[in-house]
Amino acid sequence: MSFRPLHDRVLVRRVEAEEKTAGGIIIPDTAKEKPQEGEVVAAGSGLKSDDGKVTPLEVKAGDRILFGKWSGTEVKINGEDLLIMKESDILGIVG
């Protein structure tokens with residue numbers, strides 16, 4: 001099954017958080033927060049304005065992004081946990 005987000009939505013795979021701190025302390029699963037960094041898996045065609053003009057998205061598949069803590073809707077596609085969010089929920093692209 002393939003999935004293509006519509007309009008200004010993007011499909012994101014979370015990037016796993018580090019399991020150790022910089023000082024070498026191992027963080028148990030119960031203390032970890034969900035990562036706020038991910039990779040764009042697929043992107044919609046863009047936002048359509050009232051006059052019918054489509055503004056393309058600035059992100060594309062493969063981009064590494066940062067997003068807000070409560071952004072997106074969790075979905076399971078082909079057994080993988082992913083997020084669907086609007087482009088406006090994306091804080092920036094990691095270069």
Side-chain angles (χ1 to χ4, degrees):
M1 175 183 93
S2 63
F3 179 84
R4 184 174 57 92
L6 297 177
H7 308 296
D8 65 334
R9 288 180 174 78
V10 294
L11 186 64
V12 177
R13 176 184 301 117
R14 285 187 195 269
V15 175
E16 290 303 315
E18 292 293 322
E19 303 209 355
K20 287 185 185 178
T21 65
I25 298 172
I26 297 174
I27 305 168
D29 287 341
T30 54
K32 285 183 194 172
E33 290 192 19
K34 289 187 177 180
Q36 292 173 259
E37 188 174 339
E39 177 187 352
V40 176
V41 176
S45 58
L47 186 60
K48 192 180 279 190
S49 64
D50 292 336
D51 63 359
K53 183 180 176 192
V54 176
T55 304
L57 300 182
E58 291 194 38
V59 297
K60 62 188 178 309
D63 283 349
R64 241 177 124 100
I65 59 166
L66 294 176
F67 50 87
K69 189 179 241 181
W70 309 110
S71 298
T73 301
E74 293 183 353
V75 295
K76 188 171 272 210
I77 298 176
N78 293 337
E80 185 177 12
D81 290 326
L82 301 169
L83 289 168
I84 297 175
M85 66 182 67
K86 289 189 169 213
E87 186 184 42
S88 59
D89 291 337
I90 297 173
L91 304 175
I93 299 171
V94 178

Those residues that, when tested against R64, pass side chain to side chain contact (heavy atoms under 4.5 Å, CB included) (two or more places apart): V15, E37, V94
Before accepting this row, confirm whether a basic side-chain N of the pair D63/K60 lies closer than 4.0 Å to the acidic partner's carboxylate O. yes
Point-to-point distance, once rounded to the nearest 0.5 Å, from OG of S45 to CG of L6: 7.5 Å
Could you give the distance from NZ (K86) to OG1 (T73), rounded to the nearest 0.5 Å? 10.5 Å
Are V40 and I93 co-members of a hydrophobic cluster defined by side-chain heavy atoms under 4.5 Å apart? yes
Rounded distance (nearest 0.5 Å) linking atom CG of L82 with atom CD of E39: 10.5 Å
Under the side chain to side chain contact (heavy atoms under 4.5 Å, CB included) test, residues paired with V54 that sit two or more places apart: K48
Distance, nearest 0.5 Å, that separates CD of Q36 from OG of S71: 8.0 Å
Out of V41, I84, V75, which one pairs with F3 under the side chain to side chain contact (heavy atoms under 4.5 Å, CB included) rule? I84
Grab the two heavy atoms, one from V12 and one from M85, that are nearest each other, plus how far apart they are. CG2-CE, 4.2 Å
Inter-residue atom distance L83.CG - R13.CZ, 0.5 Å rounding: 11.5 Å
Closest heavy-atom pair and its distance - R9, P5: O-CB, 3.3 Å
If we ignore hydrogens and angles and just use 3.5 Å, is the side chain of D51 paired with the main-chain N or O of K53 as donor and acceptor? yes
Can you name the closest pair of heavy atoms from V59 and E87 and give their distance? N-OE2, 3.5 Å
Kindly give the heavy-atom pair with the smallest separation between A43 and V10, and that separation in Å. CB-CG1, 3.9 Å
